Amino acid sequence: MEKRVSSTATKPPQSQLSTALARDRLGVAAVVFFVMSAAAPLTVVAGVVPTGIAVTELTSISIAFVAVAVVLAIFAVGYVAMARHIANAGAFYAYISQGLGRPVGVGASWVALLAYNMFQIAAYGGFGAIASPLFDKWFGLDIQWWVLALVVWALTAVLGVRDVAVNGKVLATLLVAEIIVVVVFSIADLFSPNFQASSAPIDVSSLAGAGSGALLAMAITGFVGFEQSVVFSEESRDPRRTVPRATYIAISLIAVLYGFAAWAMISAAGDDVIGRAGTEGPDLFFNVASDQLGGRAVDLGYALFLTSLIAAMISFHNIIARYMFSLGREGVLPRAFGRTVPGTGAPKNGSLIQSALGLTVIVIYAVAGWDPLVNLFFWGGSGGGIGVLLLITLTSFAVINYFVRNPAGEDFWHRLGAPVLGSLALVVMSYLALSNIATLFGVEEGSKPTWVVPLAFAVLLVAGIAWALILRSSNPQVYAGIGLGARSASSVGGFSAALASTDDKDNQ
């Protein structure tokens, strides 16, 4: 026995570069760029807002954005407080593991992977479907949607294995450009001959009426990505300050930008804004400002609409790769996913798997002839939004339970006050979203999308829980390291004993 221990003790340690993300690469601005690029401002304003108006026949989208922002800001109080105690690229997975128990955390990680992949891969369909007619109009080129999707897929795949700072610079450039477009087009709406300041977009009473759940769910999709500030905590400079600042800045900017742009567009679209939203779709945002800005400005707006989708692809690709890295580093997934590229710190294997999955879906949709705009972009984005909403709700309860067991270092508001209020509000929003899922997808009650998407999330949650329980009996060391991040990769044996004293408090 002594000989075996001695042999283990003298075993050379693994290179830190192979099991760690790059350190001190991102400041507040860079994290905000990643977060808001995932939120895709121009895609939301030009795509989600008109779709939400057409599907729900409600025009109170601006107040829905504000309401969601308030709830998420309250949730973020406890969320970023927990980030001060846990720095882990797994985010939801790590927090739920340490707040509600390792099995639930693993189940949640599988749900997160599905939800974020739905967003990421949906963007390929949206880009191809929207870019194809534009390339015909601009260049006279009749290019199939899937060819264009493959081009941006290749770009995303290459950037996915590069230094995170490189991705941040690309996203910064694209994001600044699309925000400028949103602001300029919205201001142009104010000078439209049809502009009449409307109170409908800020009608609070509509949030309790028919279709309100679908409206709130669509508003949630506009914020997806804000929670990913903590994903980059291991790569941030001074994460205790960077993460909270980036989170609150992102929520505030998103709410103001979306709320103002939606109000301006609705006010300038005329009395038949619902009918126009149904017939014009994403074109509505550009059409209402075209008289003031001219054709060239509108073409530029469309071009940046496409780059907005590219920015979202890159951002979600980085998020997914880091989730897989976190799970691989801890042994929940094969250890190969927990390796990074020496020098850049990029989670290469997780990135490659995500690229392979995206390629597979593009090929399947192309061969089957399925509609990339409705069946991939719209359904994928909406389904992913529901998944993230459910994860945020679960994480909110995890924050409460974590601080009940570990109260040191945080005041009452951060430990319980805000998390409890946020949890109650999120439960209501989750209920409204699920009960209005048919309206959200624009399909009949009981049709396939209304039950396939929730069932898929439920199956993955249960499967993840089952896998964690298998690990508990078959590989106790791996099980003990679930949710512990870098410590799991560097010193499994060292912290396993320390965990033993707290196992009775952990929800096994």
Side-chain angles (χ1 to χ4, degrees), residues 29-30 32-51 119-139 141 143 145-160 162 164-186 188 221-222 224-225 228 250 253-254 257-258 261 281-286 289-290 293 295-319 355 358 362 372-373 376-377 380-381:
V32 170
F33 286 140
F34 270 103
V35 168
M36 291 197 66
S37 295
L42 186 52
T43 299
V44 172
V45 171
V48 174
V49 171
T51 301
F119 273 111
Q120 206 278 339
I121 297 173
Y124 293 135
F127 181 91
I130 295 168
S132 182
L134 289 176
F135 272 62
D136 188 22
K137 173 186 175 183
W138 293 338
F139 311 114
L141 299 174
I143 305 176
W145 74 268
W146 55 268
V147 174
L148 296 170
L150 286 175
V151 171
V152 292
W153 167 85
L155 173 65
T156 305
V158 170
L159 288 174
R162 298 295 304 276
V164 69
V166 174
N167 286 267
K169 291 175 182 177
V170 173
L171 292 178
T173 303
L174 297 179
L175 180 65
V176 169
E178 65 177 287
I179 288 177
I180 290 174
V181 167
V182 171
V183 172
V184 169
F185 274 63
S186 299
T221 63
V224 170
Q228 295 309 320
L253 285 177
I254 290 171
L257 188 66
Y258 291 176
D283 292 337
L284 177 63
F285 174 75
F286 301 101
S290 60
L293 297 176
R296 289 187 178 180
V298 171
D299 286 340
L300 176 61
Y302 275 115
L304 290 172
F305 185 18
L306 297 179
T307 62
S308 173
L309 286 165
I310 295 174
M313 296 171 199
I314 296 171
S315 185
F316 278 117
H317 183 96
N318 277 273
I319 290 167
S355 296
I362 293 172
L373 192 61
L376 185 54
F377 179 61

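The structure presented is a predicted model; accordingly, all values stated were derived computationally and were not measured.
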Q: Search all heavy atoms of Ala129 against all heavy atoms of Pro133 and return the closest pair with its distance.
A: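 Nearest pair, atom of Ala129 first, then Pro133: O-CD, 3.1 Å.
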
Q: Kindly list each side-chain donor-acceptor pair under 3.5 angstrom involving residues 146-154, sequence neighbours excluded, with atom names and distances?
A:
from	atom 1	to	atom 2	distance (Å)
Trp153	NE1	Ser355	O	2.7

Q: For Glu178, which residues count as a side-chain hydrogen bond (donor to acceptor under 3.5 Å, both in side chains) partner, sequence neighbours excluded?
A: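 Partners of Glu178 under the side-chain hydrogen bond (donor to acceptor under 3.5 Å, both in side chains) test: Ser308.
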
Q: Measure up the Phe139 and Phe135 rings against each other and bin them: parallel (under 30°), tilted (30 to 60°), perpendicular (over 60°).
A: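 Because their plane-to-plane angle is over 60°, the rings of Phe139 and Phe135 count as perpendicular.
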
Q: Any donor-acceptor pair under 3.5 Å linking the side chain of Tyr258 with the backbone of Gly222?
A: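 Answer holds: yes.
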
Q: Check the orientation of Phe305 and Phe286. Use parallel for under 30°, tilted for 30 to 60°, and perpendicular for over 60°.
A: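 The rings of Phe305 and Phe286 sit tilted, inter-plane angle from 30° to 60°.
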
Q: Quick check for you: to the nearest 0.5 Å, what is the distance between Ile179 atom CD1 and Leu304 atom CG?
A: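 Ile179 CD1 to Leu304 CG: 11.5 Å, rounded to 0.5 Å.
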
Q: Apply side-chain contact (heavy atoms from CB on, under 4.5 Å) to Val45 and Phe185, showing your working.
A: CA-CA 11 Å; Val45 171; Phe185 274 63; over 6 Å; no

Q: Quick one: do Trp138 and Tyr302 satisfy side-chain contact (heavy atoms from CB on, under 4.5 Å)? Show the steps, please.
A: CA-CA 11 Å; Trp138 293 338; Tyr302 275 115; 3.8 Å; yes

Q: With Asp299, which residues qualify under salt bridge (charged side-chain N to carboxylate O under 4.0 Å, His left out), at least two apart?
A: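 With sequence neighbours excluded, Asp299 shows a salt bridge (charged side-chain N to carboxylate O under 4.0 Å, His left out) to Lys137, given in chain and number order.
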
Q: Less than 4.5 Å apart, any side-chain heavy atom of Leu257 and any of Val183?
A: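 Leu257 vs Val183: side chains touch.
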
Q: Please report the interatomic distance CD1(Ile314) to CG(Leu175), rounded to the nearest 0.5 Å.
A: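 Separation between the atoms: 11.5 Å.
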
Q: How long is the span from the CD1 atom in Ile130 to the CH2 atom in Trp145, to the nearest 0.5 Å?
A: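 These two atoms lie 12.5 Å from each other.
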
Q: How close do Val182 and Ala261 get, heavy atom to heavy atom, and via which atoms?
A: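 Closest approach of Val182 to Ala261, heavy atoms only: CG1-CB, 3.8 Å.
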
Q: So which atom in Ala188 and which in Ala289 form the shortest heavy-atom distance, rounded to 0.1 Å?
A: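 Looking at all heavy atoms of both residues, the shortest contact is CB-CB, 4.1 Å.
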
Q: Side-chain contact, heavy-atom cut-off 4.5 Å: Thr156 with Tyr124?
A: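 A side-chain contact under 4.5 Å exists here.
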
Q: Ignoring hydrogens and angles, tell me if any N or O in the side chain of Gln120 forms a donor-acceptor pair with the backbone of Met313 under 3.5 Å.
A: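 Judged by distance alone, yes, a pair lies under 3.5 Å.
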
Q: For the CD1 atom of Ile121 and the CD1 atom of Ile362, what is their distance to the nearest 0.5 Å?
A: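 That separation rounds to 8.0 Å.
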
Q: Which pair of heavy atoms, one from Thr221 and one from Gly381, lies closest together, and at what distance?
A: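 Distance-wise, the nearest heavy atoms are CG2-O, 4.0 Å.
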
Q: Kindly determine whether Thr307 and Phe127 satisfy side-chain contact (heavy atoms from CB on, under 4.5 Å), including the steps that lead there.
A: CA-CA 9 Å; Thr307 62; Phe127 181 91; over 6 Å; no

Q: When you compare the side chain of Phe285 with that of Leu42, does any pair of heavy atoms fall below 4.5 Å?
A: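 Sidechains of Phe285 and Leu42: in contact.
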
Q: So how far is it from Ser132 OG to Leu141 CG, rounded to the nearest 0.5 Å?
A: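 Those atoms lie 10.0 Å apart.
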
